[in-house]
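Scroll down for the structure; my scribbles are underneath it.
A, B, ... follow the sequence lines: proteins, then strands. Residue 1 opens every chain.
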Amino acid sequence: MSSIRVRFAPSPTGSLHIGGARTALFNWLFARKYGGSFVLRLEDTDLDRNLADAEKHILEGLAWLGLDWDEGPDKGGPHAPYKQSGRLDLYREEAGRLLGMGLAYPCYCQPDELARDRKLAQAEGRPPLYCGRCRDLDEKARSEKEARGLKPALRLLVPPGQTVVDDLIRGPVVFLHETIDDFIIVKSNGVPTYHLACVVDDHHMRISHVIRAEEHLSNTPKQLMLYRALSWEPPAFMHVSMILAPDRAKLSKRHGATGVEEFRTQGFLSEALLNYLALLGWSPGDEREVFSREELVAAFTPGSITKHAAVYDLQKLTWLCAQYLRTLPLDEVVERALPFLTGAGLVPADPGPEEMVYISRVVDLVRTRVHTLVELAGAADYFFRDEFSYEEKGVRKYFQKPGAAELLRQGREALAAAQPFDVAGTEEAYRKLIAELNISGGALIHPTRLALTGRTMGPGLFDIVAALGRERCLARLGRAAQGAE
RNA sequence: GGCCCUAUCGUCUAGUGGCCCAGGACGCUGCCCUCUCAAGGCAGAAACACGGGUUCGAGUCCCGUUAGGGCUGCCA
């Protein structure tokens, strides 16, 4: 059996979309599971639509997700180059073969002409297929058109019959050739279209399995015809269903974040996104939900990819992210959180070792209460700055009560005397005061939390107290007591 | 319009003819725990699109309808 080689072949027309990321993931999983190679190839044959930064974003997105590739435009490989713009000669050569064999022919129809045909066909309720006007042009007619300076496109001659796509997840799908017209394989500017370039590359790069989005299923018979015309053995095909927006429509910008990069800046962990994407259209068959990359590879079987489109749902991604935030090793979470903390202006760009100890402690306190790194930075705010406002409903509830200021002062004194100033020591001091005053724990704890953090919710009070340290606690309690007068 | 794919709780899904008056997860509701918020534990509401077949028996097979999606480009 020949070796397993799969590829992810995005066109650099934008950022890495979550749909593309999931397609890449399934390819990667397939390669890693079966010891194959994962090839990255850029399909940049539409020069008008190529975006300068797209390539960079796509590679970064994949790398961020941990989907490493074995061959690609940045690292080369035995079938370089991995950008179609660098392989134009190859396509020309193969197109020339088709032309020579009479399996393709030049078409001189102009775009406006074709558009008119299409419109007319539609108006008359006919399928908008190419009429075949240039199919039987003789030499004389051709040279006449050439003489007029017309640059031809090249069309594949679609023979009568049918083509069966044996899709790995859908089974055999039959397409009748009468529903497919002679399609263009080389544009009049000499650049191949998607179908030709894709087939030529997949063949020359020895791709064994083409795993791609379902939108390509209808394109596959055309490509199969190309394989046949070129006398090549086609790869196996696997069409993965699409990801739909919550309104069941195709994903687009108006549906909010759909780019991998956006999820990253919104503070989602790559583990969570990857895990989520895997669960969207695939399931392990058992009841596990949380998977590391390695577990995913071990559990993955292409047969359990679903056939139907999946609507994506941020809530589950958010939940997954929260899972990772509290189960990943603390150091790792700290490392990921750092850019968000500096971004929020809470910590310096390059904190010293002492500062790092404090940061770790804070991250550990808030990590179980947040879903994303952005939320984490938000929740850690008061650990790093003294200036903050008090939550209004908390002020009403805890500061505007008779005796509130006095209570805060007593709390301040208790903390001033607490020994040692750690979680247990400060709690002991507070419990003692609570007992002396004969009040409920909450009666003292809640106002103290508000004084220390400005909020009515957050980590356990004594965790906060111990982390902040005596000096800051006394200052904040003093300030709050004054304000509560 | 034509061709193709798909159809289980709101969402992601398990289910490959009897184990299913349909299981899990997110979300939602309630209770427990508790200094708050989370987390955690427990409980609950919530689905086989519809209509015909096939079969002793259908979520599971077949046909149709409906719905959603894709393709129908000198885009990929």
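- Positionally, the nearest nucleotide of RNA chain B for A:G441 lies more toward the 5' end than for the other of A:G441 and A:P192.
- Closest to the A:K187 side chain, of the nucleotides B:rC5, B:rU6, B:rA76, is B:rA76.
- Figure legend. B:rC75 is base-paired to no nucleotide; pairs are counted as Watson-Crick or G-U wobble with both atom distances under 3.5 Å.
- Within 4.0 Å (heavy atoms only), A:P459 reaches at least one base atom of the nucleic acid.
- Residue A:A310 places its side chain closer to B:rU13 than to any other of B:rU36, B:rA76, B:rU13.
- The closest side-chain heavy-atom distance from A:L452 to A:Y382 is not below 4.5 Å.
- Ring geometry for A:Y390 versus A:F388: interplanar angle over 60°, hence perpendicular rather than tilted (30 to 60°).
- Using the Watson-Crick or G-U wobble rule with both distances under 3.5 Å, B:rA25 pairs with B:rU11.
- For the OP1/OP2 pair of B:rA39 and a distance below 4.0 Å, the side-chain nitrogens and oxygens of A:R367 include no atom meeting the criterion.
- Among the protein residues, A:L217 comes within range of the sugar-phosphate backbone only, with heavy atoms under 4.0 Å from sugar or phosphate atoms but none that close to a base.
- For A:R7 and A:F38, the positive end is not near the middle of the six-membered ring at less than 6.0 Å and at most 45° from its axis.
- Rounded to whole Å, the distance from CG on A:L317 to P on B:rU11 is 18 Å.
- Here A:L269 contributes atom CG and A:E332 contributes atom CD; the two are 9.5 Å apart, rounded to the nearest 0.5 Å.
- Rounded to whole Å, atom P of B:rA25 lies 9 Å from atom CH2 of A:W319.
- Side-chain proximity of A:S218 to B:rC12, B:rG70, B:rG1: nearest is B:rG70.
- The 12-atom threshold is not exceeded at NZ of A:K397, counting heavy atoms of other residues, nucleotides or ligands nearer than 6.0 Å.
- A close approach under 4.0 Å does not occur between any side-chain nitrogen or oxygen of A:S11 and OP1 or OP2 of B:rC75.
- For the P atoms, the distance linking B:rA45 with B:rG24 amounts to 12 Å, nearest Å.
- Pair assignment for B:rG40: B:rC32, on the basis of Watson-Crick or G-U wobble contacts that are both within less than 3.5 Å.
- On the P atoms, B:rA49 is 26 Å away from B:rC28, given to the nearest whole Å.
- In this structure, A:L461 reaches the bases: a heavy-atom distance under 4.0 Å links it to at least one base atom across the strands shown.
- A sub-4.0 Å separation between OP1 or OP2 of B:rU6 and a side-chain N or O of A:S241 is absent.
- When the P atom of B:rC74 is taken as reference, atom CZ of A:R155 falls 6 Å away, rounded to whole Å.
- The base-pairing partner of B:rC3, taking Watson-Crick or G-U wobble contacts with both distances under 3.5 Å, is B:rG70.
- In the set B:rA76, B:rG69, B:rU11, the nucleotide with an atom closest to the side chain of A:H195 is B:rA76.
- A straight line from CZ of A:F183 to P of B:rG73 spans 12 Å, rounded to a whole angstrom.
- For the residue pair A:R212 and A:T220, a side-chain donor N or O sits within less than 3.5 Å of a side-chain acceptor on the partner.
- Residue-to-nucleotide contacts include no donor-acceptor pair under 3.5 Å from the side chain of A:R170 to the base of B:rC5.
- Between A:D44 atom CG and B:rC75 atom P there is a gap of 14 Å when expressed in whole angstrom units.
- No engagement by A:Q122 is indicated, since no non-hydrogen atom pair under 4.0 Å with the nucleic acid exists.
- As judged by a 4.0 angstrom heavy-atom cut-off over every strand, A:Y312 is placed among residues making no nucleic acid contact.
- Using a 4.0 Å heavy-atom criterion, one finds that A:V174 contacts the sugar-phosphate atoms exclusively.
- In this structure, A:G460 reaches the bases: a heavy-atom distance under 4.0 Å links it to at least one base atom across the strands shown.
- With both ends at atom P, the span from B:rG40 to B:rA22 equals 27 Å, rounded to whole Å.
- Residue A:T456 is classed as a base contact, given a heavy-atom separation below 4.0 Å to a base.
- Look at A:R118 and you'll find a side-chain N or O under 4.0 angstrom from OP1 or OP2 of B:rG73.
- For the P atom pair drawn from B:rC4 and B:rC21, the interatomic distance equals 37 Å after rounding to whole Å.
- For A:T179 against B:rG2, no side-chain N or O and base N or O form a donor-acceptor pair under 3.5 Å.
- Nucleic acid contact for A:T45: sugar-phosphate only, since backbone atoms but no base atoms lie under 4.0 Å from a heavy atom of the residue.
- Considering only the side chain of A:L114, B:rC74 comes nearest among B:rC74, B:rA76, B:rC3.
- Between B:rC74 and B:rG69, the distance separating the two C1' atoms is 27 Å to the nearest Å.
- For the atom pair OH of A:Y194 and CD of A:Q84, the computed distance is 9.0 Å after rounding to the nearest 0.5 Å.
- Judged by distance alone, with hydrogens and angles left aside, A:T193 brings no side-chain donor or acceptor close enough to the base of B:rC74 to form a pair under 3.5 Å.
- Under the Watson-Crick or G-U wobble criterion, with both distances below 3.5 Å, B:rC50 is paired with B:rG64.
- Closest to the side chain of A:K250, out of B:rA76, B:rC74, B:rG70, is B:rG70.
- In this structure, a donor-acceptor pair under 3.5 Å is present between the side chains of A:D201 and A:Y91.
- Of all nucleotides listed (B:rA39, B:rA25, B:rU36), B:rU36 comes nearest to the side chain of A:R369.
- Using a 4.0 Å heavy-atom cutoff across all strands shown, A:C107 reaches no nucleic acid atom at all.
- Each of B:rC74, B:rA39, B:rU13 was ranked by its minimum atom distance to the side chain of A:H308; first place goes to B:rU13.
- The listed nucleotides are B:rA76, B:rG68, B:rU11; the one nearest the side chain of A:L244 is B:rG68.
- The nearest whole Å value for the distance from the NZ atom in A:K397 to the C1' atom in B:rU36 is 9 Å.
- The separation of B:rG64 from B:rG2, taken at their P atoms, amounts to 15 Å, rounded to a whole angstrom.
- Counting non-hydrogen atoms under 4.0 angstrom, A:R288 reaches nothing in the nucleic acid.
- Between A:T306 and the phosphate of B:rU13, there is a side-chain N or O to OP1/OP2 separation shorter than 4.0 Å.
- If A:V173 and A:S188 are placed on RNA chain B by their nearest nucleotide, the residue sitting closer to the 5' end is A:V173.
- We find that A:E427 and A:R431 are joined by a salt bridge, their nearest charged nitrogen and carboxylate oxygen being less than 4.0 Å apart.
- The C1' atoms of B:rU66 and B:rC50 are separated by 7 Å, rounded to the nearest whole Å.
- Across all strands shown, A:R248 has heavy atoms under 4.0 Å from sugar-phosphate atoms exclusively, and none from any base.
- Comparing B:rU60 with B:rG53, their P atoms sit 15 Å apart, to the nearest whole Å.
- When the nucleotides B:rC12, B:rC71, B:rG40 are ranked by their closest atom to the side chain of A:V311, B:rC12 comes out on top.
- One can find a donor-acceptor pair under 3.5 Å joining the base of B:rA76 and the side-chain atoms of A:N219.
- When heavy atoms are screened at a 4.0 angstrom cut-off, A:H239 is found touching no nucleic acid atom at all.
- Taking side-chain N and O atoms only, A:K222 has no distance below 4.0 Å to OP1 or OP2 of B:rC3.
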